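Down below is the structure, laid out as structure tokens.
In this text, all values refer to a predicted model and were calculated from it rather than measured experimentally.
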Amino acid sequence: METVVSLFLTQAAEAKERVALKTKRAGVWEGSTWGDWESRARAIAAELVAAGVEPGDRVAIFATTREEWVIADVGTLLAGGVTVPIYATLIGEQAAYILADSGAKVLFVEDAAALEKLSDSLASLSKLGTIVLIDATKGAPPGGLATRVTTFREMLAAGNARSRDEKRAVSERAAAVATADLATIIYTSGTTGPPKGVMLTHANICFETKVIAALANFTPEDENLLFLPMAHIFAKVFVMGAIRAGFTTTFAESLVKALDNAVETNPTVIGCVPRLYEKIYTVAGEKAHAQGSIKAKVFDWAVDVGRSVARLRERGEEPRGLLAVKYRYADKLVLQKIRARFGTRLRFAISGGAPLAKELAEWFHGAGVKVLEAYGLTETTGATNLNAPDRFRFGSVGPVLADVEVKIASDGEILMRGPNIMKGYWNKESDTREVLEESGWFHSGDIGAFDGDGFLRITDRKKDIIVTAGGKNVAPQNIENLLKQSPWVSQAMVHGDKRPYLVALVTLNVEAMTRFAAESGRPNDVAKLAEDSEVRARVQLEIDAANRRLSSFESIKKFQILPRDFAIDTGELTPTLKVKRKVVSERYRAELDALYLA
């Protein structure tokens with residue numbers, strides 16, 4: 001039976017000289033082969049064994065998405081260990097909680113600044129021994145840690161210098177890894193309460209990568225531009241999929257530079273959360289409209305033509321006659337410029353982690369960027385549903401993957417069963433029993449429905465459903481997605497549970513405000529602009545436009561513009577940019593209450 005270790009060693013043996021990983025160093029993209037990856041991972045594994053890591057022990061990685069991350073990951077697996085990813089954006093207290101809860105024995109950490117976050121908590125982490133500094137060029141580690149801290153480079157050198165017998169011990173560890181063994185414990189983002197560690201086995205990951213690689217038709221010629229955080233199951237499955245299919249993983253310099261990197265590297269596939277697609281959509285529209293009314297009209301016309309073509313292709317048809325002529329001109333004038341932001345080889349992009357607005361999917365498809373929406377959770381090892389490149393439906397998350405079962409409970413909740421379902425939550429048996437039935441059905445907490453052709457549509461989180469004072473059930477995410485399509489709006493949170501009507505908290509798009517301030521001679525101060533009557537009037541127009549597409553009980557009656565955007569470091573967003581409703585509702589309780597006063 002397959003394990004991630006056996007998949008990796010097979011791939012490394014068969015494709016030893018082919019490029020597996022690409023990183024930009026000193027302005028130049030450099031490739032590392034599968035053979036390079038294997039030798040480095042073996043060196044890391046040898047040092048982990050020497051540091052006392054036993055089969056089943058946890059090794060944590062607290063770092064950004066980078067080449068060293070996946071080398072440490074595979075090295076951990078070769079040593080028989082279990083990888084525990086930690087979001088690089090977490091504050092020290094949150095990261096320390098995961099280290100303590102998982103009982104991690106070794107920690108790979110980005111740099112001295114990231115380690116400094118943990119300095120107050122290290123004394124209480126009794127099981128944590130060796131600390132590995134990935135980037136040692138950005139300052140020295142906190143004092144008193146010299147005997148525990150080594151660098152990634154030193155670890156590689158020491159591992160390569162190990163004796164033949166010590167290196168043989170790694171091979172023996174790797175051969176002993178079984179399908180039922182844990183491969184990783186991924187902690188959920190924790191929109192409510194502390195995060196829970198999701199236990200995923202080698203069998204879970206091998207199954208997931210097998211069905212997705214077949215559906216997406218991945219080959220060794222593919223190249224994935226990776227900028228998702230490796231603590232997210234989405235990114236994890238992408239890297240594991242590369243190990244199965246043998247394609248190249250290219251590490252973007254950052255989320256901000258991802259599209260510039262796409263032009264430089266020409267990937268065939270990318271994956272990201274909807275927030276980036278929303279940003280691209282908003283910026284493209286803003287730039288077009290900033291160039292004058294004529295160019296704005298041409299842009300809007302071209303986009304409308306593209307959407308018409310996208311809807312045809314959704315039905316498996318191609319444009320003909322006058323529409324085909326219009327599309328050629330629309331593509332030449334506008335659409336190819338949008339498409340060029342993703343390079344010249346893109347086969348498709350995948351969206352996951354949160355719902356993608358139907359209009360957004362149509363907009364990208366119309367420009368020739370095929371965005372395929374997927375659905376799944378950490379607990380399901382990623383996707384249970386995925387739109388295929390040749391079979392997709394806008395506004396849906398696609399059909400069910402092969403050999404996975406999905407059904408809708410009587411209350412609308414989505415239940416799943418299959419080889420991709422987690423083993424359970426780490427050290428939380430009662431929490432596991434709450435969501436995982438003995439029969440194998442996992443309760444997702446999401447609400448959805450199938451259409452007549454087997455495409456699943458997600459309407460909302462079960463716990464997020466708003467029940468108004470009039471008894472109407474409202475899915476807030478659908479409304480928020482409409483609002484976030486406005487060039488003026490960055491984030492929106494709809495509120496109204498047990499209230500007579502719906503209201504919204506809105507944050508402003510900083511880029512749009514910067515341009516507005518310059519054009520109108522106002523101070524470039526978002527907090528002051530949030531109180532500006534003209535800004536409020538423009539946001540009101542955007543809310544009115546959204547309301548015209550909603551039922552009366554779903555419409556936003558009042559809103560409040562907040563003086564700053566929601567952020568991860570303020571605790572209002574998860575690391576995957578989802579709004580923490582409970583945190584925001586409590587923090588802005590006074591503002592929400594004021595919206596219900598006469």
Side-chain angles (χ1 to χ4, degrees), residues 2-23 30-61 63 66-85 104-109 129-136 150-179 181-184 202 205-206 209 230 236 239-240 242-249 251:
E2 293 177 330
T3 66
V4 175
V5 170
S6 68
L7 286 178
F8 176 79
L9 293 177
T10 298
Q11 189 65 250
E14 294 178 353
K16 192 176 185 65
E17 301 301 324
R18 201 167 62 232
V19 173
L21 309 171
K22 285 169 68 175
T23 297
E30 298 179 354
S32 299
T33 67
W34 287 95
D36 295 333
W37 190 356
E38 181 187 6
S39 65
R40 292 170 187 165
R42 283 184 177 276
I44 295 296
E47 287 307 291
L48 291 176
V49 172
V53 171
E54 298 292 338
D57 280 347
R58 278 73 61 204
V59 174
I61 307 177
R66 54 191 298 161
E67 189 167 316
E68 292 89 347
W69 207 110
V70 299
I71 293 170
D73 185 15
V74 173
T76 298
L77 298 179
L78 289 174
V82 179
T83 305
V84 180
K105 186 173 282 188
V106 174
L107 169 65
F108 288 85
V109 63
T130 302
I131 298 171
V132 185
L133 211 59
I134 294 175
D135 186 348
T150 185
T151 69
F152 195 85
R153 179 174 292 183
E154 289 169 346
M155 199 174 196
L156 285 176
N160 285 323
R162 290 282 169 185
S163 69
R164 184 176 300 177
D165 286 343
E166 289 171 316
K167 292 178 180 179
R168 185 183 300 116
V170 171
S171 296
E172 292 171 353
R173 287 277 189 94
V177 174
T179 58
D181 290 346
L182 289 186
T184 186
H202 285 263
I205 294 172
C206 287
T209 58
M230 283 300 299
K236 184 79 170 180
V239 172
M240 295 296 110
I243 287 174
R244 174 178 286 281
F247 59 79
T248 302
T249 299
F251 296 91

List the steps, then state whether side-chain contact (heavy atoms from CB on, under 4.5 Å) holds for V84 with V59. CA-CA 6 Å; V84 180; V59 174; over 6 Å; no
From [X] atom [atom1] to [Y] atom [atom2], the distance as rounded to the nearest 0.5 Å:
X: M240; Y: T209; atom1: CE; atom2: OG1; value: 9.0 Å
X: F108; Y: I71; atom1: CZ; atom2: CD1; value: 10.0 Å
X: I61; Y: I134; atom1: CD1; atom2: CD1; value: 7.0 Å
X: I44; Y: L156; atom1: CD1; atom2: CG; value: 4.5 Å
X: D73; Y: L78; atom1: CG; atom2: CG; value: 10.0 Å
X: L77; Y: L7; atom1: CG; atom2: CG; value: 11.0 Å

Flag side-chain contact, heavy atom, 4.5 Å: W34 against I243: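 Of all side-chain heavy-atom pairs linking I243 with W34, at least one is under 4.5 Å.
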Heavy-atom side-chain contact between E38 and L9 under 4.5 Å: yes
Does R40 come within less than 4.0 Å of E68, counting only side-chain N to carboxylate O? no
Test: E172 and R168 ion pair at under 4.0 Å: no
If we count only N and O atoms by modelled type, under 3.5 Å, do the side chains of D36 and T33 hold a donor and an acceptor together?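 Their side chains do contain a donor-acceptor pair, which is all the 3.5 Å distance test asks for.
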S171-R42 side chain donor-acceptor pair, cut-off 3.5 Å: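 Indeed, the side chains of S171 and R42 share at least one donor-acceptor pair under 3.5 Å.
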Could you tell me which residues satisfy salt bridge (Lys or Arg N to Asp or Glu O under 4.0 Å) with D135, sequence neighbours excluded, listed by chain and number?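 Residues passing salt bridge (Lys or Arg N to Asp or Glu O under 4.0 Å) with D135: K138.
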Contacts of R58 that satisfy side-chain hydrogen bond (donor to acceptor under 3.5 Å, both in side chains) - sequence neighbours left out: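 Result, side-chain hydrogen bond (donor to acceptor under 3.5 Å, both in side chains) vs R58: none returned.
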Taking side-chain hydrogen bond (donor to acceptor under 3.5 Å, both in side chains) as the definition, give me every residue that meets it alongside E30, ordered by chain and number, with sequence neighbours left out. R25
Would you mind telling me which of V106, V170, V132, T130 makes a side-chain contact (heavy atoms from CB on, under 4.5 Å) with L48? V106
Tell me whether T3 contacts the main-chain N or O of H202 through its side chain, where contact means a donor paired with an acceptor under 3.5 Å. no
With a 3.5 Å distance limit and no angle check, can you tell me whether K105 reaches the backbone of G52 through a side-chain donor-acceptor pair? yes
Can you name the closest pair of heavy atoms from [X] and [Y] and give their distance?
X: R173; Y: A79; value: NH1-O, 2.7 Å
X: R162; Y: A46; value: CG-CB, 4.1 Å
X: G246; Y: R18; value: O-NH2, 3.2 Å
X: S39; Y: N160; value: O-OD1, 4.1 Å
X: F152; Y: A72; value: CE1-CB, 4.3 Å
X: T249; Y: A242; value: OG1-CB, 3.6 Å

Given the rule in the side-chain contact (heavy atoms from CB on, under 4.5 Å) test, do E166 and V49 qualify, once you have shown the distances and angles that lead to the verdict? CA-CA 9 Å; E166 289 171 316; V49 172; over 6 Å; no
Is atom NZ of K167 surrounded by more than 12 heavy atoms (other residues, nucleotides or ligands) closer than 6.0 Å? yes
Look at the rings of F8 and W37 and say which category their plane angle falls in: under 30° parallel, 30 to 60° tilted, over 60° perpendicular.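 Geometry flag for W37 against F8: perpendicular rings.
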